[in-house]
Amino acid sequence: MPTQLSVNVNAIAMLRNRRDLPWPSVTGLGRIALQAGAHGLTVHPRPDQRHVRFSDLPELRALIDDEFPGAEFNIEGFPSRDFMELVERTRPEQVTLVPDDPSQATSDHGWDVRAERETLRPIVARLKEGGMRVSLFVDADPGQAPFAAEVGADRIELYTGPYGGCHSDPDAAARIIEALGKTADAAHAEGLAVNAGHDLTVANLPPLLARIPALAEVSIGHALTADALEFGMAETVRRFLAACRGT
Ligand SMILES: CC(=O)[C@@H](O)[C@H](O)COP(=O)(O)O
Ligand SMILES: NCC(=O)COP(=O)(O)O
């Protein structure tokens, strides 16, 4: 199974929110991405709705249900009461739990699953009872894998921000790839599937996939949106899909 691409539309929503106008259209660009072969769409609705708005979620859910029934919706966020109610209304195929504080500029770390396991366990159970796959956002740390399995998660998502930040330091990038790879190996040994995301690009995907060929899904937004401004969304998705295949 090739690594699947989930297009994160946060940055498109951020651009839309600059004016009180309906363009660029989050659902319109999401449709183009899915038509071009993306496996799904990802959003991270933050409490301040700085980009994706809660009102975007039913429209994206309807887009997938009505026009792309085989595609997946992945909603990321901190499991606050409001977030849990939002995902239970939306019923995405996957929920990715992220330990973000509302004040954070972006996601910049994963869970300490061991320390948070008693908090996470009932949350994971509640989401799975609702028919949603659960992924936990974690740093490059093999020790997180047994605890992710213990709390009942289906997957982990490797936080690849530090890797993305090493775009001009190949030695550091190689070290981080190995740390991410060891974490993926530990997760696979626990029967977990492995996703990855944050600051992934067409250029840095192939080396990561060479180390982690069984990566189930990458969710990509920032760099993909930047490329879409240059190449258009359809061509950009095709470029990222080729990078996912190592071609
Ligand atoms: C969890 C993660 O790394 C990203 O998916 C997240 O969506 C980034 O959030 P912003 O788009 O708000 O920076
Ligand atoms: N989970 C990562 C994601 O959805 C998008 O992250 P980025 O590509 O915007 O950094």
Side-chain angles (χ1 to χ4, degrees), residues 3-18 24 26 29-30 33 38-54 56-57 60 71-80 83 86-87 92-111 133-140 144 153 155-167 176 180 183-184 193-205 208-209 212 215-229 233 236-237 239-241 243-244:
T3 300
Q4 295 178 319
L5 172 66
S6 185
V7 172
N8 184 309
V9 297
N10 291 354
I12 295 164
M14 179 80 81
L15 188 57
R16 178 209 47 204
N17 293 356
R18 291 182 74 242
V26 170
L29 285 154
H39 171 69
L41 300 177
T42 290
V43 294
H44 191 142
R46 295 186 180 270
D48 60 11
Q49 301 189 77
R50 66 190 71 165
H51 40 53
V52 167
R53 294 171 176 152
F54 302 153
D56 290 318
L57 272 61
L60 291 166
E72 291 200 341
F73 197 10
N74 174 40
I75 301 179
E76 304 178 325
F78 179 83
S80 65
F83 177 83
L86 188 62
V87 297
E93 284 67 30
Q94 178 173 267
V95 179
T96 302
L97 299 178
V98 186
D100 283 8
D101 180 274
S103 65
Q104 282 179 222
T106 188
S107 305
D108 58 16
H109 65 282
W111 290 100
R133 180 195 315 135
V134 180
S135 180
L136 295 180
F137 195 63
V138 299
D139 296 318
Q144 297 295 337
R155 300 191 180 184
I156 62 168
E157 175 174 339
L158 298 170
Y159 168 48
T160 52
Y163 173 52
C166 287
H167 51 85
I176 295 177
L180 291 164
T183 307
V194 179
N195 296 344
H198 207 94
D199 288 338
L200 293 174
T201 67
V202 165
N204 69 24
L205 266 173
L208 180 67
L209 291 167
I212 315 173
L215 203 55
E217 175 188 285
V218 288
S219 44
I220 306 175
H222 187 77
L224 189 147
T225 304
D227 286 3
L229 294 173
M233 177 59 81
T236 293
V237 167
R239 286 159 56 87
F240 271 89
L241 288 172
C244 285

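Sequential numbering from 1 along the given sequence is applied to the chain's residues. Just so we're clear, the structure is a prediction, and the values are computed from it rather than from any experiment. Counting starts at 1 for both ligands and their atoms, in listed order.
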Heteroatom proximity flag, E76 to ligand 1, N/O under 3.5 Å: yes
Heavy-atom distance under 4.5 Å between the side chains of I220 and L205, does that happen here? yes
How far is atom 3 (O) of ligand 1 from its nearest protein heavy atom, and which residue and atom is that? H198 ND1, 2.6 Å
The one among I220, N10, T42 that brings a heavy atom closest to atom 11 (O) of ligand 1: N10
Does the side chain of N74 come under 3.5 Å of the side chain of T42 through a donor N or O and an acceptor N or O? yes
For atom 12 (O) of ligand 1, tell me which residue out of R50, H222, H51 has the closest non-hydrogen atom. H51
Please report which non-hydrogen protein atom sits nearest to atom 1 (C) of ligand 1, along with the residue it belongs to and the distance in Å to one decimal place. S107 OG, 3.3 Å
Should I212 and L208 count as side-chain neighbours, where that means a heavy-atom distance under 4.5 Å? yes
Decide, yes or no, whether a salt bridge links D48 with R46 under the criterion of side-chain N to carboxylate O below 4.0 Å. no
Checking side-chain polar atoms at under 3.5 Å, does S107 have a donor or acceptor matched by the opposite partner on D100? yes
Proximal atoms of ligand 2 relative to T42 (non-hydrogen, under 4.0 Å): 4 (O)
Could you list which atoms of ligand 1 come closer than 4.0 Å to a heavy atom of N8? 5 (O), 7 (O)
In Å and rounded to the nearest 0.5 Å, what is the OG1 to CG distance from T160 to D139? 11.0 Å
Output the list of atoms in ligand 2 that are nearer than 4.0 Å to some heavy atom of H222, sorted by atom number. 7 (P), 8 (O), 9 (O)
Identify the protein heavy atom lying closest to atom 3 (C) of ligand 2, giving its residue, its atom name and the separation to 0.1 Å. S219 O, 3.3 Å
Which residue owns the protein heavy atom closest to atom 9 (O) of ligand 1, what's the atom, and how far is it? R46 NH2, 2.9 Å
To the nearest 0.1 Å, how far is atom 6 (O) of ligand 2 from its closest protein heavy atom, and which atom is that? H198 CA, 3.6 Å
Which residue, E72, E76, E217, forms the side-chain hydrogen bond (donor to acceptor under 3.5 Å, both in side chains) with Q94? E217
Using a strict 4.0 Å cut-off to heavy atoms of G221, name the atoms of ligand 2 that fall inside it. 5 (C), 7 (P), 8 (O), 9 (O)
Which residue and non-hydrogen atom of the protein lie closest to atom 8 (C) of ligand 1, and at what distance in Å? T106 OG1, 3.5 Å
Please list the nearest protein heavy atom to atom 4 (O) of ligand 2 with its residue and the distance rounded to 0.1 Å. N8 ND2, 2.8 Å
No-hydrogen, no-angle side-chain donor-acceptor test under 3.5 Å, N195 and E157: no
Quick one: nearest non-hydrogen protein atom to atom 6 (C) of ligand 1, plus distance? H44 ND1, 3.5 Å
Quick check: do V26 and V52 have side-chain heavy atoms less than 4.5 Å from each other? no
Please verify the inter-ring angle class for H198 with Y159; under 30° counts as parallel, over 60° as perpendicular, anything in between as tilted. perpendicular
among protein heavy atoms, the one nearest atom 10 (O) of ligand 2 is D199 N, 2.8 Å
Residues H109, Q104; criterion side chain to side chain contact (heavy atoms under 4.5 Å, CB included); working and verdict: CA-CA 10 Å; H109 65 282; Q104 282 179 222; 3.2 Å; yes
Any E157 heavy atom less than 4.0 Å to ligand 2: yes
With heavy atoms and a 4.0 Å threshold, my read on which part of Y159 contacts ligand 1 is neither
Quickly, which of L158, L224, V218 forms a side-chain contact (heavy atoms from CB on, under 4.5 Å) with L200? Name it, please. V218
What are the atoms of ligand 2, with element, lying closer than 4.0 Å to any heavy atom of E76? 1 (N), 2 (C), 4 (O)
